[in-house]
Participant: 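First the structure, then my questions, so here it is.
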Amino acid sequence: MLNKNGRIVLGVAGGIEVLLLIWQWGSILTNLYTIALIGVVVWLNQKQRQHHDDSKKN
């Protein structure tokens with residue numbers, strides 16, 4: 001059995017590891033979200049442009 005200090009150190013180390021894992025996943029998710037956002041903005045701009053082209057033709 002570990003003494004109280006050993007448990008605290010393990011707890012802190014475990015907590016930091018979990019935080020780092022969450023932070024890594026968070027940064028991956030943020031990157032994916034940013035890419036998705038850019039994709040949506042570009043797609044909407046193209047749709048608007050197509051709409052403008054269609055209204056010019058008529």
Side-chain angles (χ1 to χ4, degrees):
M1 287 293 290
L2 287 161
N3 62 8
K4 199 177 175 188
N5 285 346
R7 273 195 223 131
I8 290 169
V9 169
L10 264 183
V12 169
I16 289 169
E17 216 169 309
V18 168
L19 276 174
L20 280 174
L21 213 95
I22 290 168
W23 181 74
Q24 272 186 323
W25 274 108
S27 60
I28 291 166
L29 287 175
T30 304
N31 288 341
L32 286 175
Y33 179 71
T34 306
I35 291 164
L37 205 66
I38 291 166
V40 166
V41 167
V42 168
W43 181 70
L44 282 174
N45 280 344
Q46 282 181 338
K47 272 194 80 165
Q48 273 190 332
R49 228 175 263 145
Q50 281 177 349
H51 192 71
H52 282 306
D53 289 349
D54 289 346
S55 52
K56 276 180 195 168
K57 282 173 194 167
N58 293 340

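Only heavy atoms go into these numbers, but all of them, side chains included; no hydrogens, no water, no symmetry mates.
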Participant: Can you give the donor-acceptor pairs under 3.5 Å from side chains of residues 18-35 to other protein atoms, not counting sequence neighbours?
Facilitator:
unit_1	atom_1	unit_2	atom_2	d
Ser27	OG	Trp23	O	3.4
Ser27	OG	Gln24	O	2.7
Thr30	OG1	Gly26	O	2.6
Asn31	ND2	Ser27	O	3.3
Thr34	OG1	Thr30	O	2.7

Participant: Other than Trp43, what residues sit in its cluster of Ile, Leu, Val, Met, Phe, Trp and Tyr side chains whose heavy atoms are under 4.5 Å apart, directly or through others?
Facilitator: Val40, Leu44

Participant: Clusters formed by hydrophobic residues whose side-chain heavy atoms approach within less than 4.5 Å: which one holds Ile38, and what are its other members?
Facilitator: Val42

Participant: Which of these passes side chain to side chain contact (heavy atoms under 4.5 Å, CB included) with Val12: Val9, Ile16, Leu10?
Facilitator: Ile16

